[in-house]
Amino acid sequence: MELEYRFEDICTTADAIRAHDRRRPEIAVVLGSGLGGFADTLEAATTIPYHELPHFPTPKVEGHAGRLVLGELKSHGGPPRTIVAMQGRVHRYEGWSSQAVVFPIRVMRMLGARVLLVTNAAGSLSAEVRPGELMLLTDQINMTGDNPLRGPSDPRLGPRFPDMSAPYDPTLNKVIEAVAETLGIPLRRGVYVGVSGPSYETAAEVRMLRLLGGDAVGMSTVPEVLAAVHGGFRVCGISCLTNLATGLSDKPLSHDEVEQTASAVRLEFTGLLREVLLHLPIPKP
Ligand code: HPA
């Protein structure tokens, strides 16, 4: 097995981004289905369509914007924060390999970002949740059947056997919970189960995932977080629980419902993201 993307490819893409904008981002953000609007609120922004970047995987689903946005968040007191945001991501169900899915994460790390905030739309494995509630990720379960770190190990990207005892950084999570509380935004906590999709789960699979310890299920995030921790990012994640998983309500699932719910919480979500990104501690290099 060969590495599909080499270290040099990551460097080439990072250089191409620097040719547009030399700012060094402190925080990288991945914006999930229906949650991409946040990137439009960044100031002094440089926007680059993924297809203009060498090697960058481009979403094949219509309507999923694929743009990298480098911009600033201005706070009232402190200095502005430089953010790199992915408006849209690629998924394994489109046919991309796990290595392709995590390529942008490695590029954003190469640009200098030290903290990664991932967001996604997910189904709730608990019937008590109302669609649109937000959940802070405390841990994850990889049910994709793959691992983006499989294959030859390049020590420049990270260790062969990375520790996963705390993939979602407890210090960052404390800050996020405090910010949510200040804003009066209810925030659940829970374990995200990553599956490969594209079919939604069966009711029997949902019962299984719940028994295994999951609180939410989705088709993204898990490979990205594995590669991010491997590459030395401090990681945190927030799910928008757009629907009850199969069997927990009598409605069949649809992607439209997922996107509509995500858009409905857009203002609350964007507000939370903004304050979180202004307050997250950035580790020293
Ligand atoms: N299952 C898997 N992925 C999802 C779901 C779901 O119920 N909702 C949003 N993404």
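In listed order, ligands and their atoms are each counted from 1. Everything quoted here is computed from the prediction, not taken from an experiment.
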Given the options R274, R23, R24, E72 meets salt bridge (charged side-chain N to carboxylate O under 4.0 Å, His left out) only with R23

Contact region, L253 to ligand 1, non-hydrogen atoms below 4.0 Å, reads side chain

Check: Under 4.0 Å between a Lys/Arg side-chain N and an Asp/Glu carboxylate O for R188 and D215?
Finding: no

Query raised in the report: Going by distance alone, is a donor N or O of one side chain under 3.5 Å from an acceptor N or O of the other, for E201 and T246?
Result: no

Atoms of ligand 1 under 4.0 Å from any heavy atom of M219, numbered from 1 in the order shown, are 2 (C), 3 (N)

Atom 3 (N) of ligand 1: closest protein heavy atom, distance to 0.1 Å, is G218 CA, 3.4 Å

Min over L125, L209, N243, T261 of heavy-atom distance to atom 7 (O) of ligand 1 lands on N243

Any side-chain donor near an acceptor of the partner, R92 and S98, under 3.5 Å: yes

Consider only side-chain N and O atoms of S165 and D163, and report whether a donor and an acceptor are under 3.5 Å apart. yes

Look at the rings of Y5 and H55 and say which category their plane angle falls in: under 30° parallel, 30 to 60° tilted, over 60° perpendicular. perpendicular

For T242, the ligand 1 atoms with a heavy-atom partner under 4.0 Å come out as 8 (N), 9 (C)

Counting only nitrogen or oxygen atoms and a 3.5 angstrom limit, does G123 reach ligand 1? yes

When distances are taken from atom 10 (N) of ligand 1, the protein heavy atom at minimum range is A121 O, 3.4 Å

The answer for which part of T246 has a heavy atom under 4.0 Å from ligand 1 is neither

Self-check item: Pair S254-D256, side-chain donor/acceptor within less than 3.5 Å
Solution: no

In ligand 1, the atoms that come under 4.0 Å of a heavy atom of V258 are 8 (N), 9 (C)

Charged N-O contact under 4.0 Å between R67 and D40: yes

- Message: Evaluate E201 for polar contact with ligand 1, using N/O atom pairs at a separation under 3.5 Å.
- Response: yes

In this structure, atom 4 (C) of ligand 1 is nearest to the protein heavy atom V217 O, 3.7 Å

